[in-house]
Visitor: 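If you scroll down you'll find the structure; I have some questions about it.
None of these values were measured; they are calculated from a predicted model. All ligand and atom numbering here is 1-based and tracks the order in the structure. Positions are given from 1, in the same order as the sequence printed here.
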Amino acid sequence: MSHRSIDSARLLVRIAELGEIGRDAEGRLVRLAASDTEKLGRDRFVAWLEDAGLDIAVDRIGNIFGIWNAAGVGEKPIMIGSHIDTVINAGIYDGCYGVLSGLEVIQTLKSQGFEPSRPIVVAAFTNEEGVRYAPDMMGSLVYSGGLDITTALKTMGTDGTVLGDELARIGYAGPHAPGFMTPHAYVELHIEQGPVLEREGVSVGAVENLQGISWQKVTIDGDANHAGTTPISMRRDAGYAAARVITFLRDRAKASNTPTVATVGCIAFEPNAINVIPSRATFTVDLRDPDEDRLKEEETALAAFLDLLSSDEKVSISVERLARFEPVKFDQAIVRRIEAAARDRGLACKRMTSGAGHDAQMIARMAPSAMIFVPSRGGISHNPKEFTADTDLVAGANILLDVICGLATGKRPE
Ligand code: GLV
Ligand code: MN
Ligand code: MN
């Protein structure tokens, strides 16, 4: 069977070009949500949408939509999406690959005279990473009605900025109400960001579920005192108490024999001086598990440990919830379409669970959704070493093309 194909060179050049936008003085890629560097990425994306002749819409939370309205208004669109914000010192593929492939699929179909039965839309959702503003997946969460827009726009960032002000400042506080288009179906193409596909020599992941995510911020208060004169038995050491939480989480996850993962990714001590016992430790906890009951058990175990720690170390502890998302099951019919598309192209495909959070888990609240994964070399992501081979990128985008054609017509392109 002969297959239509996306323009691989155009896709790869755009991925590389977007990957150069937002480099800091040390060459690190940093495009945090609604920042100046992210504005530059947004502007480039919008210029590509214009070049492709798409209608552009921006909603109040700054989500950008490129709309191919070939079939006229009235029908719910097929939506393809992901994000173009990044973590600190990011790789170039996370999120951007899905957004640019969505644009590529639409541009390909448009230039080939394909006649979809409904509009096809590519979306770049605001603040997927959640590095600057919590929770993560915020743009798609607001879009799907899981968080009200007023609360979201008031979110204070790690740098003291307010999201709504920053969106207005960079020119991306759009007029549309979040949720203004309800997708008929939503598909997200993403690098796996884990080791499974590469290890098993499989080119395509048909993602059927996504694990639950719990983000908390823990603050431990003790007493600052002299590092040389204060006997160990007399210390209220917030730094030591934080270290005990970190080892507790790791030891527990390791001993559990389950897929539970636990990470302390941010930590700060006060006053943060070499010869002063920390009076305060503030750190984040990221807990994930594909099973909701187990995720709850992990949260309960952490709370019990914090109680014990507070009396053991004579410190006071407070906890703030930053994000909490239950595990999500994706739409089986779309998952089967992904498997069928891979089979038709002679590519090995595997059903899998997503370890990372994605906009698809939010849009799944409002529309049948699923994801396509391609391999990540060494399973590395959120790191400049993140890499996916061009052949895998192109293969994934062509699977997306097939799936979108099927959804938009019930058949493949000629
Ligand atoms: C999003 O990148 C996540 O933290 O899973
Ligand atoms: Mn991502
Ligand atoms: Mn990410």
Visitor: Return yes if a side-chain donor-acceptor contact under 3.5 Å exists between D289 and T260, otherwise no.
Guide: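 Judged by distance alone, the side chains do pair up.
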Visitor: Given D402, which partner from the list R345, R337, R4 fulfils the side-chain contact (heavy atoms from CB on, under 4.5 Å) test?
Guide: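 Answer to the side-chain contact (heavy atoms from CB on, under 4.5 Å) test with D402 among R345, R337, R4: R345.
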Visitor: Tell me whether the centres of the aromatic rings in F330 and Y186 are closer together than 6.0 Å.
Guide: no
Visitor: Quick one: does ligand 1 sit under 4.0 Å from the side chain of E128, the backbone, both or neither, non-hydrogen atoms only?
Guide: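 For E128, only side-chain atoms sit under 4.0 Å from ligand 1.
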Visitor: Consider ligand 1: state whether an atom of it lies below 4.0 angstrom from any non-hydrogen atom of Q193.
Guide: no
Visitor: Answer yes or no for H358: is there an N/O/S atom below the 2.8 Å cut-off from the Mn ion (ligand 2)?
Guide: no
Visitor: Which of these passes salt bridge (Lys or Arg N to Asp or Glu O under 4.0 Å) with K350: E200, E192, E198?
Guide: E200
Visitor: With atoms numbered from 1 as shown, which atoms in ligand 1 lie under 4.0 angstrom from a non-hydrogen atom of A356?
Guide: 5 (O)
Visitor: Ignoring hydrogens and geometry beyond distance, is a side-chain donor-acceptor pair present between D59 and Y172 at under 3.5 Å?
Guide: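 Checked: D59/Y172 side chains show no N/O donor-acceptor pair below 3.5 Å.
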Visitor: Please check whether H382 reaches ligand 1 - meaning an N/O of the residue sits under 3.5 Å from an N/O of the ligand, judged on distance alone.
Guide: yes
Visitor: Flag the pair T86 / V131 as yes when at least one side-chain heavy-atom distance between them is below 4.5 Å, and no otherwise.
Guide: no
Visitor: Among all protein non-hydrogen atoms, which one is nearest to atom 1 (C) of ligand 1, and what is the separation to 0.1 Å?
Guide: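 Its nearest protein heavy-atom neighbour is E129 OE1, 3.6 Å.
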Visitor: Are a donor atom and an acceptor atom from the side chains of H3 and N398 found within less than 3.5 Å of each other?
Guide: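 There is no such pair between these side chains.
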Visitor: Quick one: name the protein N/O/S atoms under 2.8 Å from the Mn ion (ligand 3), chain by chain.
Guide: D94 OD2, E129 OE1, E129 OE2, H382 NE2
Visitor: Could you list the donor-acceptor pairs under 3.5 angstrom formed by side chains in residues 361-379, with sequence neighbours left out?
Guide:
from : atom 1 : to   : atom 2 : distance (Å)
Q361 : OE1    : H358 : N      : 2.8
S369 : OG     : A364 : N      : 3.4
S369 : OG     : A367 : O      : 2.8
S376 : OG     : Q193 : N      : 2.8

Visitor: Any donor-acceptor pair under 3.5 Å linking the side-chain atoms of T161 with those of E166?
Guide: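 There is no such pair (donor and acceptor under 3.5 Å, judged by atom type) between the side chains of E166 and T161.
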Visitor: Are a donor atom and an acceptor atom from the side chains of H83 and D94 found within less than 3.5 Å of each other?
Guide: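 Distance-only check passes for H83 and D94.
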Visitor: Between G357 and ligand 1, is there a nitrogen or oxygen pair with a distance under 3.5 Å?
Guide: yes
Visitor: Ignoring angles and geometry beyond distance, decide whether R288 reaches within less than 3.5 Å of ligand 1 through its nitrogen or oxygen atoms.
Guide: yes
